[in-house]
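These notes concern the structure reproduced below.
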Amino acid sequence: MVKLDIIGDWQRTHYCGELTQSHTGQEVTLMGWVQRRRDHGGVIFVDLRDRTGIVQIVFNPEISVDAHKKAHALRSEWVLAVKGKVYRRPEGMENPKISTGYIEVMVSELKILNTSIQPPFLIEDSIDVGEPIRLSYRYLDLRRPRLLKNIIKRHLATQAVRQYFSSHGFIEVETPFLAKSTPEGARDFLVPSRLNPGKFYALPQSPQLFKQLLMVAGIDRYFQIVRCFRDEDLRADRQPEFTQIDLEMSFVTEEDIIAVSEGLMKELCKEVFDIEVSIPFPSFSYEEAMALYGSDRPDIRFDLKLKDLTEIFSDSNFKVFSETVKEGGLIKAINVKGGASLSRKEIDELTRFVMQFGAKGLAWIKVKGGNFHSPISKFLSLGEKEALRKALNLEDGDLVFFSADTPEVVHNCLGNLRVEIAKRMRLIHEDRFCFCWIRHFPMFEYDSAEGRWTTVHHPFTMPIEEEISYLPDEPERVHSHSYDIVLNGVEIGGGSIRIHRRDIQEMVFDIIQIGKEEAQEKFGFLLEALDYGAPPHGGIAFGFDRLLMLLCGCGSIRDVIAFPKTQKATCLTMDAPSKVEAQQLKELSIKLDLK
RNA sequence: GGGGCCGUAGUUCAGAUGGUGUAGAACGCUGGCCUGUCACGUCAGAGGUCGCGGGUUCAAGUCCCGUCGGCCCCGCCA
């Protein structure tokens, strides 16, 4: 057994990674973990690691017999404290691969503060480990530079956000986590109330209503970096608890919110990630975005826009097309330059790809030597072919994909297809960061499952004034003062101007069939607050984790969260959720009825 | 709720069509040697309930059914 030392009166003088040639000759005290030991019998080298990096420490019997003797026992991930002198490395012994590679610390005294059993994986970025093990031993994964770097970036980003808002007159206010379950939106996480048997709090899906009340309170400019909770299924970019940068402003228009947001993004990108972005960001109406990109979160790092061909094929002999038009559907296409080189197998894969978005098939045409090579070519008239050539600016080597279906299906399929093709054909500049705004979403959409209208954004979103007159009878014609911000095809935020008048709010509740009584019960506090001189106001919330994921160049939000959940929403690090004692349930007046 | 991929040593993986070795490799780990390494070198060695439970078969890591877990996606996510 190794005898452990106590830290005693030793104090760390430097971090491992910060030592340079300028420290040559200094006596230093370092603390950290053994990254690697190279024991030559006579002289022993150890790479000592802390959060800043590694430095080579040297145990030489000519410097200290005791330390050298002790160092034979050292193993990976043991925790050390060493005193020693910084030396410039001998000529030819430098290691230019690491920042501290021109110096080393000759150890005079060694303290072993703790040992370690063999870690389940080596603490090195280059080691490939499965995610279950990484999550079970998250504290070891976090020792690795890549993940650690993300967590540090996150800290810096948090600081930059606070700095930005403080300097623009915003006040940070904390809002409750134990809040109220409200209809609409995502499934709530519920928290039983011991003091109020049978009643439940809900963890907030966002601080939406609280921040509106803060506007009524006259806070005027609010922000918060705040955890939000939604009990829905997970994805690579979705966790049940996630962090928003939330803000709200009074006496403003959409343009004001957008300008503040763009300023924040620009500053964050520059200060923390050294990425230059130019503002203002491009802006599309919802309809434009759908028409051009088939998506309300377009990736505009590449082109591949959708082209509407409905006109051309309205009388086509190709029944699939003409029937679709007759039934009020759309025919759209994307022209993939150079796509004619795709194999039949690849086209089949893409067909299967679009079918998961509701497509019944995927028509295509290859342009080769001025001719159309396509299963549907024989159905097309000369006139149609000519019109097609013109509309899509067809050239040799092009590959055209068609979608004919309802507008929803066409846009969903081609919108996803253009991204998939761009990935496969490497059309995406990975180092580019392209923000854009999508504005003026429809206010309502019809939920055929529930047989009622629901709000596309949330029920507190202000309809566009000029369209309010359509409200009672033609809700589908009404758009809202809403805006999403999109980065590289990922929705990273969204907001709106809010309703600040009781009459409009009641009208909206009415359309989504929240009756007077229910409105009073669920949102009475809001309606009442609007009566007390609520100012015009609006705001936005950014998905902080997603933003960091993109700026850190990660494929998953989990890589910017210290302790993320698995796809089944469990925490492998501490094994949550878990069973609780019967006594705990009793106190909460809860009886389980498990199948 | 649905579709797809995956589960073999501490880790990452290989083990066609079921059957010639004691289920292999690399890294890691343990012990010895080594005074300039930095992916140290070198010699020797240990390490496996093939996720779990059934079934088919003379015989299952391999085939079938179920189950648990991980990842990606659809639905869902105002």
Side-chain angles (χ1 to χ4, degrees), chain A residues 35-48 54-63 68 72 75-77 87 89-98 100-101 104 106 116-124 126-137 140 182-188 205-206 208-209 228-240 242 352-359 412-413 416 420 441 443-445 447 449 453-461 480 482 484 491 494-496 508 512 514 541 543 555-556 558 565-568 570 572 575:
Chain A
Q35 173 72 31
R36 198 179 280 276
R37 179 187 61 127
R38 291 176 294 278
D39 188 340
H40 288 243
V43 64
I44 299 169
F45 302 99
V46 168
D47 292 332
L48 193 67
I54 62 174
V55 67
Q56 174 163 285
I57 60 178
V58 186
F59 297 91
N60 190 322
E62 289 161 22
I63 305 286
H68 178 259
H72 278 294
R75 293 293 182 274
S76 289
E77 302 310 314
Y87 282 85
R89 291 201 192 178
E91 191 103 13
M93 300 300 148
E94 301 92 345
N95 182 357
K97 279 183 275 185
I98 59 174
T100 58
E104 60 192 3
M106 302 296 279
S116 169
I117 58 174
Q118 184 189 354
F121 53 88
L122 280 187
I123 310 303
E124 277 175 23
S126 60
I127 300 294
D128 190 21
V129 196
E131 207 155 1
I133 289 170
R134 292 180 53 201
L135 291 173
S136 295
Y137 299 93
L140 297 180
T182 53
E184 306 293 304
R187 192 176 293 111
D188 284 321
Q205 298 175 27
S206 82
Q208 181 60 34
L209 293 171
C228 301
F229 305 87
R230 296 177 189 177
D231 189 6
E232 297 291 348
D233 287 356
L234 289 84
R235 289 283 189 283
D237 63 353
R238 273 164 37 188
Q239 286 268 307
F242 61 99
R352 238 171 296 132
F353 176 79
V354 294
M355 283 173 64
Q356 64 175 320
F357 301 101
N412 201 13
C413 289
N416 282 292
E420 180 66 17
F441 284 68
M443 181 76 194
F444 302 98
E445 64 190 339
D447 183 335
W453 291 93
T454 57
T455 48
V456 169
H457 194 53
H458 57 54
F460 321 109
T461 302
S480 63
S482 55
D484 277 1
E491 182 199 325
S496 60
V508 170
I512 61 176
I514 294 181
S556 165
R558 294 187 296 277
K565 303 273 189 291
T566 67
Q567 194 162 43
K568 274 223 173 69
T570 64
L572 292 182
D575 191 27

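We name chains A, B, ... by the order of the sequence lines, and we start the count at 1 in each one.
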* For rA25(B), does the O4'-C1'-N9-C4 (purine) or O4'-C1'-N1-C2 (pyrimidine) torsion place it in syn, i.e. within 90° of 0, or in anti? -> anti
Check this one for me: any side-chain N or O of [X] less than 4.0 Å away from OP1 or OP2 of [N]?
| X | N | answer |
| --- | --- | --- |
| Lys568(A) | rC68(B) | no |
| Thr570(A) | rG70(B) | yes |
| Arg38(A) | rU37(B) | no |
| Arg37(A) | rA39(B) | no |
| Gln567(A) | rC72(B) | yes |

* To do: Say whether, by atom type as modelled, one donor and one acceptor occur between the side chain of Gln239(A) and the main chain of Lys565(A) under 3.5 angstrom.
  =>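 Checking the backbone N and O of Lys565(A) against the side chain of Gln239(A), a donor-acceptor pair under 3.5 Å is found.
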* Is there a donor-acceptor contact under 3.5 Å from the side chain of Gln35(A) to the main chain of Ile123(A)? ->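 Side chain of Gln35(A) to backbone of Ile123(A): a pair is present.
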From [options], nucleotide with atom closest to [X] side chain:
| X | options | value |
| --- | --- | --- |
| Glu131(A) | rC74(B), rG70(B), rU11(B) | rG70(B) |
| Ile133(A) | rU11(B), rU37(B), rG28(B) | rU11(B) |
| Arg75(A) | rC76(B), rU30(B), rU37(B) | rU30(B) |

Between [N] and [M], how far apart are the two [atom1] atoms, rounded to whole Å?
| N | M | atom1 | value |
| --- | --- | --- | --- |
| rC29(B) | rU17(B) | C1' | 38 Å |
| rG18(B) | rC13(B) | C1' | 22 Å |
| rA26(B) | rU67(B) | P | 39 Å |

* Asked: For His40(A) and rC40(B), are the ring centres under 5.5 Å apart with planes inclined under 30°?
  ->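 Per 5.5 Å and 30° rule: yes, stacked.
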* Does the ring of Phe45(A) lie flat against the base of rU37(B), closer than 5.5 Å centre to centre with planes under 30°? ->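 Yes, Phe45(A) stacks on the base of rU37(B), since the ring centres sit under 5.5 Å apart and the planes are within 30°.
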* Asked: If we only count heavy atoms from C-beta on, is the Pro459(A) to Ile512(A) side-chain gap below 4.5 Å?
  ->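 Side chain of Pro459(A) against side chain of Ile512(A), heavy atoms only: contact under 4.5 Å found.
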* Between the base of rG75(B) and the side chain of Arg235(A), is there a donor-acceptor distance below 3.5 Å? ->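 Present.
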* Indicate the atoms forming the closest heavy-atom contact of Ile133(A) with Phe121(A), along with that distance. =>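 So the two residues come closest at CG2-CD2, 3.7 Å.
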* How about Phe45(A) and His40(A): are their ring centroids closer than 6.0 Å? -> yes
* To do: Starting from the 5' end of RNA chain B, give me the residue, Ala236(A) or Ala186(A), whose nearest nucleotide shows up first.
  => Ala236(A)
* Starting at atom CZ of Phe357(A), determine the distance to atom P of rG4(B), rounded to an integer number of angstrom. =>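 Interatomic distance, CZ of Phe357(A) to P of rG4(B): 16 Å.
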